[in-house]
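In what follows, a structure is listed as structure tokens, so that the remarks can point back to it.
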Amino acid sequence: MGLDSYTTMASICTIALYLGWKLRSRRVSRSTLPPNMELWRTAGEDNANYKNPWTLLGPFFQDKDYTLHPWVGEESTDYKYRATCLPTSTLGRHYPRHPNDTFHIMVLLQTMVNVFISRSRCRSIHAGFQNALLCPARHKKGFDVVIKTLCAGDGGKAQLRILRKLATTDAAMKPTNHVLTMFEEIHLDDIVFGVFPFLTTPLHPMFFCSSACSAADMLNLMLQMFEATVYIHDCLVAHQDLFIDNFMCEYLPRSLADRHSMPPRVFLIDFEAAVDFPPESRPEDRLVSSHFFGEEFTRARAPELREKDTPYNPFALDIWQLGYKMSMFSTKIEAVDSIVQEMIRDEPKSRPTAKDIFDRVMKIQRSIPPDQLDYKPIDFELERGRCGDVSSLSGSELSTASM
């Protein structure tokens, strides 16, 4: 074997060793990441053992064709004060908008995200994360996504099972299914990440902050929320956190300002507390003995959650939670407002089912001429102190106003 052959072999070995080292250097050590969902959720908080798991995961997701969005304020590790900015031409790193990005504004599972408008020249959208389960990213083909930690250690398995059933395969394409689609799963040892699309805005501002939303707009989105609930209940899935801010839409409708606006589609998100039951189970056996978040559940508690270790019907709980915020405004349609009041009855068995609510509200909507729904369904002045004056904001600004 000649000298040239030895030289060639040495070059090949050198390249192979370099590539192996490079790949290994991009492999994040599992021991450096939170071992369970609770520690992952609290990463970055004061006295937390884990500061910023996503900074370690950049190369890993780069190999999966995703670039994690850069953080504004890189020196901060507290997720309550961290923010991402996209697109931006004047702040931080340049991160241009891709023309194929159909999910065009920062969106996120609103129970964990606060969205606010930056009035800088770049007209950027900022989002501050309240925990470390979520991170925005961009695929190499140019569309933006949200990556969420679904499983770590023994936690999150029920959520993953439910999302596989509702948010993937042909089920995700059914018109009556409003669960936000999961594009794919990404696995890292025992950790499972879910990849979801960006949307535009939570529904909560529509009820309390939108001066341009008509009664027709509100009825349309309410019906979509009821339809979403009917679908998951038919699949024997109870959400258990079915408050309005766990519904997202593509944009807030503004029919009072724009007569040609199309109704947006509503999406249901965040199944971390959800439970499901097998088809062969009996209705009387579909009970839950304790809520997923237990005493740490900080939202409004339905009457059945106020007693410890008492089995309850999670489907009736969904109805109460969905009606809770709806009961704080009036559609000015007596029949609809009456149904909402039925949803928050203290006795779970006396609450209507999701199917009953959907059918009744749909019948009411069809009985009212469209021109009679051309009014503001709430007194916006009563909410101005909480929301601020948003009457002058543009459509995109209004759709992302902070809750």
Side-chain angles (χ1 to χ4, degrees), residues 105 110 115 117 178 199-230 242-268 319-344 352 354 356-403:
I105 278 182
Q110 192 60 28
V115 180
I117 295 294
H178 292 261
L199 299 179
T200 54
T201 184
L203 286 188
H204 188 277
M206 178 195 73
F207 291 89
F208 295 110
C209 305
S210 175
S211 61
C213 176
S214 69
D217 293 331
M218 184 166 289
L219 275 180
N220 178 276
L221 298 189
M222 287 175 68
L223 278 168
Q224 290 194 59
M225 286 187 278
F226 296 145
E227 184 176 56
T229 309
V230 171
L242 201 65
F243 292 92
I244 289 177
D245 51 2
N246 269 330
F247 287 92
M248 310 288 288
C249 60
E250 298 166 309
Y251 53 87
L252 284 183
R254 307 179 71 245
S255 294
L256 296 179
D258 181 5
R259 303 296 180 183
H260 304 290
S261 63
M262 296 292 292
R265 182 166 176 81
V266 170
F267 297 90
L268 176 57
I319 300 302
W320 188 94
Q321 291 174 334
L322 185 55
Y324 175 73
K325 284 287 178 67
M326 289 184 180
S327 67
M328 296 182 181
F329 68 90
S330 172
T331 63
K332 299 181 182 178
I333 304 172
E334 184 177 352
V336 174
D337 292 346
S338 176
I339 293 172
V340 171
Q341 291 302 315
E342 293 177 26
M343 295 170 65
I344 57 171
D356 181 50
I357 296 168
F358 176 77
D359 289 343
R360 291 164 63 188
V361 176
M362 174 69 79
K363 185 177 180 179
I364 294 168
Q365 183 200 44
R366 289 175 174 174
S367 69
I368 304 175
D371 60 343
Q372 293 185 18
L373 296 173
D374 194 20
Y375 62 86
K376 289 189 290 188
I378 60 173
D379 186 353
F380 184 73
E381 293 296 328
L382 296 177
E383 296 300 328
R384 191 174 300 276
R386 173 175 17 193
C387 303
D389 186 357
V390 299
S391 59
S392 63
L393 296 181
S394 67
S396 61
E397 289 173 324
L398 181 59
S399 71
T400 50
S402 177
M403 293 201 306

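Residues: numbered from 1 along the sequence shown.
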Looking at [X] and [Y], what are the two nearest heavy atoms and their distance?
X	Y	answer
Met343	Ile319	CE-O, 3.5 Å
Ser367	Pro369	O-CD, 3.7 Å
Phe243	Phe247	O-CD1, 3.7 Å
Leu373	Ser214	O-CB, 3.8 Å
Ile244	Leu322	CG1-O, 4.4 Å

[atom2] on [Y] to [atom1] on [X], rounded to 0.5 Å:
X	Y	atom1	atom2	result
His178	Met225	NE2	CE	10.5 Å
Ile333	Gln365	CD1	CD	8.5 Å
Leu221	Cys213	CG	SG	6.5 Å
Leu219	Met362	CG	CE	10.5 Å
Met326	Gln341	CE	CD	12.5 Å

Side chain to side chain contact (heavy atoms under 4.5 Å, CB included) with Ala335: which residues, sequence neighbours excluded?
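With neighbours one apart ignored, the set is Ile364.
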Working note: Asp217 + Leu256, criterion side chain to side chain contact (heavy atoms under 4.5 Å, CB included); need CA distance, chi angles, decisive distance, verdict.
CA-CA 9 Å; Asp217 293 331; Leu256 296 179; 5.7 Å; no
Using a 6.0 Å cut-off, check whether atom CZ of Phe358 has over 12 heavy atoms from anything other than its own residue.
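Yes, the 6.0 Å shell around CZ holds more than 12 heavy atoms from other groups.
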Backbone N/O of Thr331 and side chain of Asp337: donor-acceptor pair under 3.5 Å:
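Side chain of Asp337 to backbone of Thr331, a donor-acceptor pair under 3.5 Å: yes, one is there.
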Can a donor-acceptor pair be found, under 3.5 Å and without considering hydrogens, that links the side chain of Gln224 to the backbone of Pro264?
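The answer is yes, because a donor-acceptor pair under 3.5 Å joins these two groups.
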Enumerate the residue pairs fulfilling salt bridge (Lys or Arg N to Asp or Glu O under 4.0 Å) with a member in residues 358-371, sequence neighbours excluded, ordered by first and then second residue.
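For residues 358-371: Glu342-Arg360, Lys355-Asp359, Asp356-Arg360.
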Before you tell me yes or no, could you show the steps for Met222 and Val340 under side chain to side chain contact (heavy atoms under 4.5 Å, CB included), namely the whole-Å CA-CA distance, both residues' side-chain angles and the distance that decides it to 0.1 Å?
CA-CA 11 Å; Met222 287 175 68; Val340 171; 4.2 Å; yes
